[in-house]
Asks: 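My questions will all concern the structure given below.
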Amino acid sequence: MATDLATPPTAARKSTRPKRADKVPLGMAVLRYRWLYLMLVPGVAYFAIFKYLPMYGVTIAFQDYLPFLGYSGSPWVGLKHFEQLFSGPDFARLLANTLILAALHILFVFTAPVIVALMLNELRVNILKRSIQSLIYIPHFLSWTIVAALTYVLFAADFGVIAGWMRDLLGDTTKIDYMAQEQWFREIVIMQQLWKMTGWGTIIYLAALAGVDPNLYEAARMDGAGRFRQLWHVTLPAIRPTVVVMAILASGNLLDSGFEQIWLMTTSLNREVAEVFDTYVYYAGVQNGNFSYSTAVGLFKGVAGVILIFGSNWLAKRMGQRGLF
Amino acid sequence: MTTMTETKPKKLAVEHHGSAGSRVFDVLNVVALVGLALITVLPLIYVLAASLASEPEIAARPFFLWPEKVVTEAYEYIFATPTFIRSLLTTVVVTAVGMVVQVMLTFTMAYPLAKRYLPGRTLVLNLVIFTMVFSGGMIPTYLVVRDLGLLDSYWALILPLAINPFYLIIVKSFFQELPQALEEAARIDGCNEMGVFLKIVLPLSKPIIATFSLFYAVAIWNDYMSPLLYISDPDKWTLQILVRQLIATDPAAALSQMDRTWVPPEQGVKFAIIVIATLPILFFYPFLQKHFAKGVLIGGVKE
């Protein structure tokens, strides 16, 4: 019944027509599929204007871009802005802040969904399982503004719940401003990510777990495997490919600290540890008007991200896993 | 083994034994997961409760899930300020218009890309996927928006985010799964591709259109970066910007309420604005939840 997807719709009627559309001259193809091409136009225009034009725009990283001279009129300066970035006082701090957040992210935020998915998978009471899932998915749909605001009302020094508890617990009467202090910034940011992302992150692993053949557990049990042996020999191998794919995807975002979250959590008091490449681009570019320098910072981050994603894909394949590409 | 006599259907992915260690594990597992669920929702319930509590109560009680005395002064104050009403209207209109634009663009682009026989399809797909790996970045995008004259325009909140490539690919996969026989029949009846799309494909896609409408709506509603970047006129603030202003600064100043005779319930306003900005999402949450898993899986498994 279902026609072969690779066959043009008209081929079913007239067998004289070429079966493979790519053999048709382009002009004829355009004419035959004019409606389909017409439908592509708005979408292609979107990607051209808002995705590819900015990619061309990164050339200003190699210019001293002046708004009234434009892309073509601004003088070329080669790698000046990159040199300024790498030799400047900010670079080491930005790189350290970004990498520390990335490391903490992998250590806690990336692994938490795997663990929670495994725990949910062991739940036998289905109603309980589904209710817990419904509840822990909620934060995914809340904005970073809301998450930051929640953090504020919970941690605020004067009326925050957690600040109050900590005061009682430590018997300390001084008001600790967790939101403003350097030493708490990373802890709070990672806690926010855990709260917002863990539940949603389990979905993909739960899907992989649902696909495991029950007979495998049966067989393992016959062989005398207890629950933890089953987990080790059946469940974990089943989700390994999914974990690898997610890890490759995450590696591309390693330098992406997430602009909105970090920006919302940055104060004048914690800037020293809070500033990352993402927020620095905004700060230097939009706020201070250094378009070229700021673009160079963004380009460095973007290229590093591409290298990381292809690198980890290559590594995954070397280690005998299926990669992304 | 104690499971020998069990007659449970094999469908249950994992059949467990009743050994003592196993039972201890089960109990601990349930306790941990329930704890996780509580950590997730309790802050939200506290914010709702505190938004309905009086200022002295917020100051006096450390944590509560229901106020001793329900007062609505925070909400009354917020709803009496023009700044709030304006930002609420802005956000609602931008979300509604943006959602329609985004869904239209995404679905019209996904349909031709689902046709494996279309010459050039792979090229377009690869160009789309490349944008998921690399982007020009914040500043070049900002300059494009500026050069288009969109700064301080509501379109700046919609157009730069018009198509989410992930959603596009999920919708494309969905179209590929539709039965081809139906389209064939329509074509024999004289429909052109556009007719097939409008009369056959779209009616079949209602659930997935609903899903992605909600996803896009949530994304615009929650967007903080675009208004921060592209909107400098305070009259055009969106709700998310207002939330930020109210939390980070003095509420009275952020709401530009010059009426000094009415002292704002300062903490209460902070709680209330969080509730107001969250409520629509929680209202639609059951619908979101119903569909997303399917959507995520189509995208994750098929591509």
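The figures that follow rest on heavy atoms only: side chains count, while hydrogens, waters and symmetry mates do not. Just so it is clear: chains get the letters A, B, ... in the order the sequence lines come, proteins before strands, and each one is counted from 1. Note that the structure is a prediction, hence the values are computed from the model and not measured.
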Asks: Counting only heavy atoms closer than 4.5 Å, note whether A:Val303 contacts chain B via side chain, backbone, both or neither.
Replies: both
Asks: Could you check if a side-chain atom of B:Val34 sits within less than 4.5 angstrom of a side-chain atom of A:Ile132, using non-hydrogen atoms only?
Replies: yes
Asks: Over 60° means perpendicular and under 30° means parallel, so classify the ring planes of A:Phe228 and B:Phe25, tilted if in between.
Replies: perpendicular
Asks: Using a 4.5 Å cut-off on heavy atoms from C-beta on, say whether the side chain of B:Leu33 contacts that of A:Val116.
Replies: yes
Asks: Heavy-atom distance under 4.5 Å to chain B: side chain of A:Asp278, backbone, both or neither?
Replies: backbone
Asks: So which part of B:Asp223 gets closer than 4.5 Å to some heavy atom of chain A, the side chain, the backbone, both or neither?
Replies: both
Asks: Roughly how far, to the nearest 0.5 Å, is CG of B:Leu246 from OG1 of A:Thr145?
Replies: 12.0 Å
Asks: A:Trp165 vs B:Phe63 aromatic rings, parallel, tilted or perpendicular, using cut-offs 30° and 60°?
Replies: tilted
Asks: Examine whether an atom of A:Ile60 lies under 4.5 Å from a heavy atom of chain B, and if so say whether it belongs to the side chain, the backbone or both; otherwise answer neither.
Replies: side chain
Asks: Assess whether side chain to side chain contact (heavy atoms under 4.5 Å, CB included) is satisfied between A:Tyr65 and B:Ile139, documenting all intermediate values.
Replies: CA-CA 12 Å; A:Tyr65 176 79; B:Ile139 302 302; over 6 Å; no
Asks: To the nearest 0.5 Å, how far apart are CD1 in B:Ile163 and CZ in A:Phe50?
Replies: 11.0 Å
Asks: Which answer fits A:Tyr52, side chain, backbone, both or neither, if we ask what part of it has an atom under 4.5 Å from a heavy atom of chain B?
Replies: side chain
Asks: Below 4.5 Å, heavy-atom pairs only: which of A:Ile138, A:Leu38, A:Leu53, A:Val281 has the largest tally toward chain B?
Replies: A:Ile138
Asks: Which atoms of A:Leu249 are under 4.5 Å from chain B, going by heavy atoms: the side chain, the backbone, both sets, or neither?
Replies: neither
Asks: I need the residue from A:Val297, A:Thr59, A:Leu299, A:Leu120 with the largest number of non-hydrogen atom pairs under 4.5 Å to chain B.
Replies: A:Leu120
Asks: Side chain, backbone, both or neither: which part of B:Leu148 has a non-hydrogen atom closer than 4.5 Å to chain A?
Replies: side chain
Asks: Quick one: what part of B:Ile241 sits under 4.5 Å from any heavy atom of chain A, side chain, backbone, both or neither?
Replies: neither
Asks: Please flag which part of B:Arg146 lies under 4.5 Å from any non-hydrogen atom of chain A: side chain, backbone, both or neither.
Replies: side chain
Asks: Could you check whether any side-chain heavy atom of A:Phe141 comes within less than 4.5 Å of a side-chain heavy atom of B:Leu282, counting everything from C-beta outward?
Replies: no
Asks: Nearest heavy-atom pair of B:Arg244 and A:Thr266: which atoms, and what distance?
Replies: NH2-O, 4.3 Å
Asks: Below 4.5 Å, heavy-atom pairs only: which of B:Ile273, B:Leu143, B:Leu113, B:Thr141 has the largest tally toward chain A?
Replies: B:Leu143
Asks: Could you check whether the rings of A:Trp200 and B:Phe215 sit parallel, tilted or perpendicular, using 30° and 60° as the cut-offs?
Replies: perpendicular
Asks: Under a 4.5 Å heavy-atom cut-off, does chain A meet the side chain of B:Leu38, its backbone, both or neither?
Replies: neither
Asks: Which heavy atom of B:Thr40 sits nearest to which heavy atom of A:Pro139, and what is that distance?
Replies: CG2-CG, 3.3 Å
Asks: Side chains of A:Tyr37 and B:Pro119, heavy atoms from C-beta outward: is any pair under 4.5 Å?
Replies: yes
Asks: Which atoms of A:Ile309 are under 4.5 Å from chain B, going by heavy atoms: the side chain, the backbone, both sets, or neither?
Replies: side chain
Asks: Find the one option among B:Val41, B:Thr108, B:Leu228 whose heavy-atom pairs under 4.5 Å with chain A are most numerous.
Replies: B:Leu228
Asks: Go through the steps for B:Lys115 and A:Tyr33 under the test side chain to side chain contact (heavy atoms under 4.5 Å, CB included), then give the verdict.
Replies: CA-CA 10 Å; B:Lys115 301 291 166 203; A:Tyr33 303 121; over 6 Å; no
Asks: Which residue out of B:Gln267, B:Met132, B:Met104 racks up the most heavy-atom pairs below 4.5 Å with chain A?
Replies: B:Gln267
Asks: Do A:Leu36 and B:Arg121 touch side chain to side chain, with heavy atoms closer than 4.5 Å?
Replies: no
Asks: Top residue by heavy-atom pair count (under 4.5 Å) with chain B, among A:Phe310, A:Tyr71, A:Tyr56?
Replies: A:Tyr71
Asks: Is the backbone of A:Ser143 close enough, under 3.5 Å, to the side chain of B:Trp221 for a donor and an acceptor to pair up by distance?
Replies: no
Asks: Does any heavy atom of chain A fall under 4.5 Å from the side chain of B:Ala59, the backbone, both, or neither of them?
Replies: neither
Asks: Looking at B:Ile58, B:Val124, B:Val218, B:Leu229, which one has more heavy-atom pairs under 4.5 Å with chain A than the rest?
Replies: B:Leu229
Asks: Could you have a look at A:Ala149, A:Gly199, A:Ala284 and say which one has the most heavy-atom pairs with chain B under 4.5 angstrom?
Replies: A:Ala149
Asks: Dump the intermediate steps for side chain to side chain contact (heavy atoms under 4.5 Å, CB included) on A:Arg34 and B:Asn192, then the final yes or no.
Replies: CA-CA 10 Å; A:Arg34 58 191 176 281; B:Asn192 58 27; over 6 Å; no
Asks: Is there a donor-acceptor pair closer than 3.5 Å between any side-chain N or O of B:Tyr285 and the backbone N or O of A:Ser134?
Replies: yes
Asks: Which bit of B:Val47 is near chain A, if near means a heavy-atom gap under 4.5 Å: side chain, backbone, both or neither?
Replies: side chain
Asks: Side chain from CB out, backbone as N, CA, C, O: work out which of these in B:Ile274 comes under 4.5 Å of a heavy atom of chain A, or both, or neither.
Replies: both
Asks: For B:Phe107, which atoms come within 4.5 Å of any heavy atom of chain A: side chain, backbone, both, or neither?
Replies: neither
Asks: If you count heavy-atom pairs under 4.5 Å with chain A, which of B:Leu105, B:Leu161, B:Val144 comes out on top?
Replies: B:Val144
Asks: Let me know if A:Leu154 has heavy atoms under 4.5 Å from chain B in its side chain, its backbone, both or neither.
Replies: side chain
Asks: Do B:Val101 and A:Tyr46 have side chains that get closer than 4.5 Å, going by heavy atoms?
Replies: no
Asks: Any chance you could measure A:Tyr282, atom OH, to B:Met225, atom CE, to the nearest 0.5 Å?
Replies: 9.5 Å
Asks: Counting N and O atoms only, with roles assigned by atom type, does the side chain of A:Glu260 sit under 3.5 Å from a partner on the main chain of B:Tyr224, one being a donor and the other an acceptor?
Replies: yes
Asks: Considering all heavy atoms of both residues, which atom of B:Met109 and which atom of A:Val44 are nearest to each other, and what is their separation?
Replies: CE-N, 3.9 Å
Asks: Between A:Leu150, A:Leu206, A:Thr198, who has the most heavy-atom pairs with chain B when the cutoff is under 4.5 Å?
Replies: A:Leu150
Asks: I need the minimum non-hydrogen distance between A:Val161 and B:Pro62, along with the two atoms involved.
Replies: CG2-O, 3.1 Å
Asks: Counting only non-hydrogen atoms closer than 4.5 Å, does A:Ile49 touch chain B with its backbone (N, CA, C, O), its side chain (CB onward), both, or neither?
Replies: both
Asks: Among B:Leu36, B:Leu239, B:Ile281, B:Leu127, who wins on heavy-atom pairs under 4.5 Å with chain A?
Replies: B:Leu127
Asks: Between A:Tyr152 and chain B, with a heavy-atom cut-off of 4.5 Å, which part of the residue counts as in contact: side chain, backbone, both or neither?
Replies: side chain
Asks: Between B:Asp26 and A:Arg227, does the side chain to side chain contact (heavy atoms under 4.5 Å, CB included) criterion hold? Intermediate values first, please.
Replies: CA-CA 11 Å; B:Asp26 277 332; A:Arg227 278 179 83 165; 2.9 Å; yes
Asks: So which heavy atom on B:Pro140 is nearest to which on A:Thr295, and how close?
Replies: CG-CG2, 3.7 Å
Asks: Shortest non-hydrogen contact from A:Leu142 to B:Asn222?
Replies: C-ND2, 3.7 Å
